[in-house]
Amino acid sequence: MTLALDLASLLLLAVGLAFVAGGTLGLVRLPDLFSRAHATGKCDSVGASAILVALALQGGFSFGDLKLLLLVALVLVTAPTAAHALARSAYRTGLEPWRRAPAAGWRRGAERRDAGAP
Amino acid sequence: MTDVLWGAAIVLLLLAFVCLWRADRGPTLQDRILAVNVVGTKALVVLVLLAVIAGHDYLIDVAIVYGLLNFVLTLAATRLVERGRILSEGPR
């Protein structure tokens, strides 16, 4: 039984670390605040809670595990909410979402129709 | 098993330093707040890792309080950036 618990916690620990690394990669690489807040809000909350559940599985169940589950609920509530609050405040103070530059010669439909295209 | 947990804690600390790079470079102010929030979440996980490694159960309570404070700090900073004040509902 304890071997299965240890294996499960090892697996969850690896999955949690992968998610946290993914969130960090998103935080560094993504172009603007909205995508970064989106990435970290989700990846960090899942990764952190996976690691915390992995720790809860460690060596049988004790009173500390209930606090760990409380911490998981805390992280799952706070991380996305904070990311949302940040994105909303950025949007309200006039931060425009990043857009990829359109290909050369691409024109909006209206301009193309004015130029006589079918 | 404890050295696996030590490895996870060290990996998390390295990732936290990567987030600090975003905190330094982040063009907008909200980027910096977001990076601090992410570092705080990582610090919380490292704290709980150390709690399990060392076997001190009271550190998990510290982590819970730290998570709450980190959340409130982020919301206060967000509101300060958005409205220039935190508590008083002045003229809009």
Side-chain angles (χ1 to χ4, degrees), chain A residues 6 9-10 13-14 16-17 20-30 32-34 36-37 39-41 43-45 47-52 54-56 58-59 62-68 70-75 77-79 81-93 95, chain B residues 1-2 4-5 7-9 11-12 14-19 21-23 25-31 33-35 37-42 44-49 51-53 55-61 63-68 70-83:
Chain A
D6 276 353
S9 72
L10 260 178
L13 197 68
L17 276 177
V20 170
T24 311
L25 182 68
L27 185 73
V28 165
R29 289 284 300 162
L30 288 175
D32 73 337
L33 172 79
F34 299 108
R36 284 184 208 128
T40 54
C43 291
D44 264 359
S45 53
S49 48
I51 293 177
L52 291 176
L55 294 180
Q58 281 285 342
S62 69
F63 178 68
D65 290 348
L66 294 183
K67 283 188 272 186
L68 274 176
L70 176 69
L71 204 52
V72 167
L74 175 80
V75 166
V77 168
T78 52
T81 316
H84 163 71
L86 274 164
R88 191 185 63 176
S89 81
Y91 185 74
R92 280 196 183 156
T93 52
L95 181 70
Chain B
M1 195 58 193
T2 53
V4 171
L5 297 182
V11 165
L12 278 171
L14 294 181
L15 290 176
F17 281 121
V18 172
C19 296
W21 173 80
R22 167 57 62 192
R25 184 184 177 285
T28 64
L29 196 49
Q30 282 92 356
D31 281 313
I33 300 171
L34 179 66
N37 183 22
V38 169
V39 168
T41 311
K42 288 191 175 53
L44 181 139
V45 177
V46 167
L47 185 59
V48 175
L49 275 167
V52 172
I53 290 171
H56 299 306
D57 266 353
Y58 57 86
L59 281 180
I60 298 178
D61 306 337
I64 292 175
V65 171
Y66 183 75
L68 287 170
N70 183 27
F71 178 56
V72 170
L73 169 79
T74 306
L75 290 189
T78 307
R79 179 176 287 196
L80 184 68
V81 164
E82 184 183 342
R83 273 198 227 118

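Chain letters run A, B, ... following the sequence lines, proteins first and then strands; every chain starts at 1.
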Region of [X] in contact with chain A, defined by heavy-atom distances below 4.5 Å:
X	value
Leu29(B)	neither
Asn37(B)	side chain
Val52(B)	side chain
Leu34(B)	both
Val11(B)	side chain
Leu49(B)	both

Of all of [options], which one pairs up most often with chain A through heavy atoms under 4.5 Å apart?
options	answer
Leu75(B), Thr41(B), Ile33(B)	Ile33(B)
Leu5(B), Asp61(B), Leu14(B)	Asp61(B)
Val45(B), Ile64(B), Thr74(B)	Ile64(B)
Asp57(B), Val48(B), Leu68(B)	Val48(B)

Between [X] and chain B, which part of the residue has a heavy atom less than 4.5 Å away: side chain, backbone, both or neither?
X	value
Leu25(A)	neither
Val28(A)	both
Arg36(A)	both
Leu13(A)	side chain

Legend entry - Largest heavy-atom contact set with chain B, pairs under 4.5 Å, which of Thr93(A), Leu10(A), Leu27(A):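 Of Thr93(A), Leu10(A), Leu27(A), Leu27(A) has the most heavy-atom pairs under 4.5 Å with chain B.
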
Inset, instruction - Applying side chain to side chain contact (heavy atoms under 4.5 Å, CB included), name anything that partners Val72(A), two or more places apart in sequence or on another chain. - result: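 Testing Val72(A) for side chain to side chain contact (heavy atoms under 4.5 Å, CB included), a comparison that skips the adjacent residues, returns Ser49(A), Leu52(A), Val53(A), Leu76(A).
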
Inset, instruction - Kindly write out the residues that satisfy ring-ring contact (aromatic ring centres under 6.0 Å, His included) with His84(A), not counting sequence neighbours, or none if the list is empty. - result: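 Applying ring-ring contact (aromatic ring centres under 6.0 Å, His included) to His84(A) gives none.
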
Evaluate the side-chain proximity of [Y] to [X]: yes if any heavy-atom separation is below 4.5 Å, no if none is.
X	Y	value
Asn70(B)	Thr78(A)	no
Leu47(B)	Ile60(B)	no
Asp32(A)	Leu95(A)	no
Lys42(B)	Asp44(A)	yes

Separation of [Y] [atom2] from [X] [atom1] (nearest 0.5 Å):
X	Y	atom1	atom2	value
Leu71(A)	Leu55(A)	CG	CG	10.0 Å
Leu74(A)	Lys67(A)	CG	NZ	14.0 Å
Met1(B)	Ile53(B)	CE	CD1	10.0 Å

Inset, instruction - Would you kindly say whether Ser89(A) and Gln30(B) are connected by a side-chain donor-acceptor distance under 3.5 Å? - result: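 Indeed, the side chains of Ser89(A) and Gln30(B) share at least one donor-acceptor pair under 3.5 Å.
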
